[in-house]
Amino acid sequence: MAVLHPGYFDAGLSADPELAAAVAGELKRQQEGIELIASENLVSRAVLEAQGSVLTNKTVEGRAFARYYGGAAFADAIEDLAVRRATALFRCRFANVQPHSGSNANAGVFFGLLRLGDTILAMDTAAGGHISHGHPATLTGRDYRIARYGVNRETERIDLDEVAALAKRERPKMIVAGGSAYPRAIDFAGFRAIADEVGAWLMVDMAHVAGLVATGLYPDPLPHAHVVTSTSYKSLRGARGGFALWNDDALSARIDAGIFPGVQGSVMMHGVAGKAACFGEALKPEFRAYNEAVLAGAQALARRLSDRGLRIVAGGADCGLLLADLTPLGLTGDVAAKALERAGLAVNKNLIPFDPRPPEAPSGLRLSANAGAARGFGAAEFETVADWIADVVEAPDDAARIAAVAASVREMTARFPVYGA
Ligand SMILES: *Cc1c(COP(=O)(O)O)cnc(C)c1O
């Protein structure tokens with residue numbers, strides 16, 4: 001017999017009941033709960049199929065049409081399709097769609113453009129920056145000298161005068177704009193002017209706003225940044241992974257080599273196929289409507305939570321995510337997140353700017369409309385969700401109240417099925 005055991009090629013996951021049960025449990029959790037965690041979304045069946053396809057069997061190294069291994073004709077076609085779609089979607093000249101993750105895209109760009117010990121000026125994680133921008137616990141934090149900017153204490157927004165002053169003092173080789181918990185628009189032209197003044201590269205990490213950028217609903221970093229990095233699975237509603245975009249061909253060889261062999265080996269072709277599928281979807285007119293719903297949803301959440309006594313950090317949201325400060329209600333993010341999870345509402349605890357509390361028990365919650373909008377929630381549903389959040393955080397120990405919210409959540413999610421569940 002040519003195969004390992006009967007059914008090797010065809011039996012499917014049902015032949016492994018223990019694993020199948022956990023996957024089925026996860027589908028049920030996604031169906032019956034409301035996902036408000038900003039780093040998540042719900043992909044289409046096409047993206048699921050592409051990521052679960054036979055491309056997982058193919059090993060290639062190097063860029064499309066210049067591979068080390070043979071038999072790459074279809075892998076080349078798929079990667080080329082992903083690149084062409086990415087550059088069309090973001091109106092730029094070059095793309096590398098190979099990064100296994102957003103962190104790898106960032107590390108690859110740093111590796112390609114910087115030398116060991118160069119200074120990177122990036123947003124402080126305590127103010128909303130991402131750990132892959134040089135947090136001391138990461139490889140980037142060890143290999144480069146990191147300088148930090150935050151937000152203004154009053155406005156809770158980035159203060160470009162502070163960034164400019166820091167840039168002049170620290171002389172970075174790279175300035176990074178973009179973060180994981182920054183809800184407002186970013187002045188990319190202003191960042192570029194500062195980068196030019198000190199002779200630094202400007203890298204924009206748009207992981208949380210890529211879908212809005214693609215559809216013109218958030219400031220476009222591509223005309224200003226030397227390089228733009230992103231994940232494809234948050235705002236873009238697509239495959240797990242990352243990518244990098246740029247316009248200057250003089251950077252191409254350095255960025256490509258920074259990603260491979262700089263920080264990665266062979267390509268995850270099933271992931272690249274998933275990215276091709278998601279970029280294709282994002283080029284359709286429906287994707288603009290989806291992003292309008294994301295923005296309207298986040299703003300509805302912000303308005304209603306503020307009406308119910310939570311404080312919205314920086315006064316609102318220009319993208320799909322927002323930060324709510326629980327201090328006025330006298331509880332912390334960890335307690336709130338646990339109570340909300342019992343009610344079927346998935347959120348994450350989060351530091352707020354100048355948070356007097358530690359990361360394990362911070363003052364805030366981070367919320368997002370990405371996944372809700374993907375299953376069809378409109379502003380009305382998000383207002384209702386905000387009311388449920390407020391109901392729970394007002395009385396996190398009230399089991400009867402949490403049970404009532406949980407029942408309402410199940411009722412609403414049954415009306416917005418995912419994957420035909
Ligand atoms: C999520 C995120 C990343 C990292 O993505 P991974 O795929 O988890 O490595 C990078 N940058 C920003 C701004 C992010 O929000």
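It should be emphasised that the depicted structure is a prediction, and the values quoted were computed from it without experimental measurement. Read the numbers this way: they start at 1 and go in the same order the structure lists the ligands and their atoms.
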ask   = Is the closest side-chain donor-acceptor distance between H130 and D205 under 3.5 Å?
value =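 No, no side-chain donor-acceptor pair sits under 3.5 Å.
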
query = Can you tell me if CZ on F354 sees more than 12 non-hydrogen neighbours from other groups inside 6.0 Å?
reply =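 Result for CZ/F354: enclosed.
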
key: Partner of E79 by salt bridge (Lys or Arg N to Asp or Glu O under 4.0 Å), out of R84, R63, K58   =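 The single option meeting the salt bridge (Lys or Arg N to Asp or Glu O under 4.0 Å) with E79 is R63.
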
task = Using a strict 4.0 Å threshold on nitrogen-to-oxygen distance, state whether D118 and R115 make a salt bridge.
result =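 Judged by the 4.0 Å cut-off on N to carboxylate O distance, D118 and R115 do not form a salt bridge.
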
task = Decide whether a cation-pi geometry holds between R240 and Y233; the criteria are a distance under 6.0 Å from NZ or CZ to the six-membered ring centre and an angle within 45° of the ring axis.
result =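 The answer is yes, since R240 meets both limits relative to Y233.
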
inquiry  = Going by salt bridge (charged side-chain N to carboxylate O under 4.0 Å, His left out), name the residues that satisfy it together with R157, two or more places apart in sequence or in a different chain.
reply    =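 Partners of R157 by the salt bridge (charged side-chain N to carboxylate O under 4.0 Å, His left out) criterion come out as none, since no residue qualifies.
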
Show the distances, to 0.1 Å, for all pairs joining an N/O atom of ligand 1 and a protein N/O atom that are shorter than 3.5 Å, listing one pair per line.
unit_1	atom_1	unit_2	atom_2	d
ligand 1	5 (O)	Y233	OH	3.3
ligand 1	7 (O)	G102	N	3.0
ligand 1	7 (O)	Y233	OH	2.7
ligand 1	8 (O)	Y233	OH	3.0
ligand 1	9 (O)	S101	OG	3.4
ligand 1	9 (O)	G102	N	3.4
ligand 1	9 (O)	S103	N	2.8
ligand 1	9 (O)	S103	OG	2.7
ligand 1	11 (N)	D205	OD1	3.4
ligand 1	11 (N)	D205	OD2	2.5
ligand 1	15 (O)	S180	OG	2.8
ligand 1	15 (O)	H208	NE2	3.0
ligand 1	15 (O)	K234	NZ	2.8

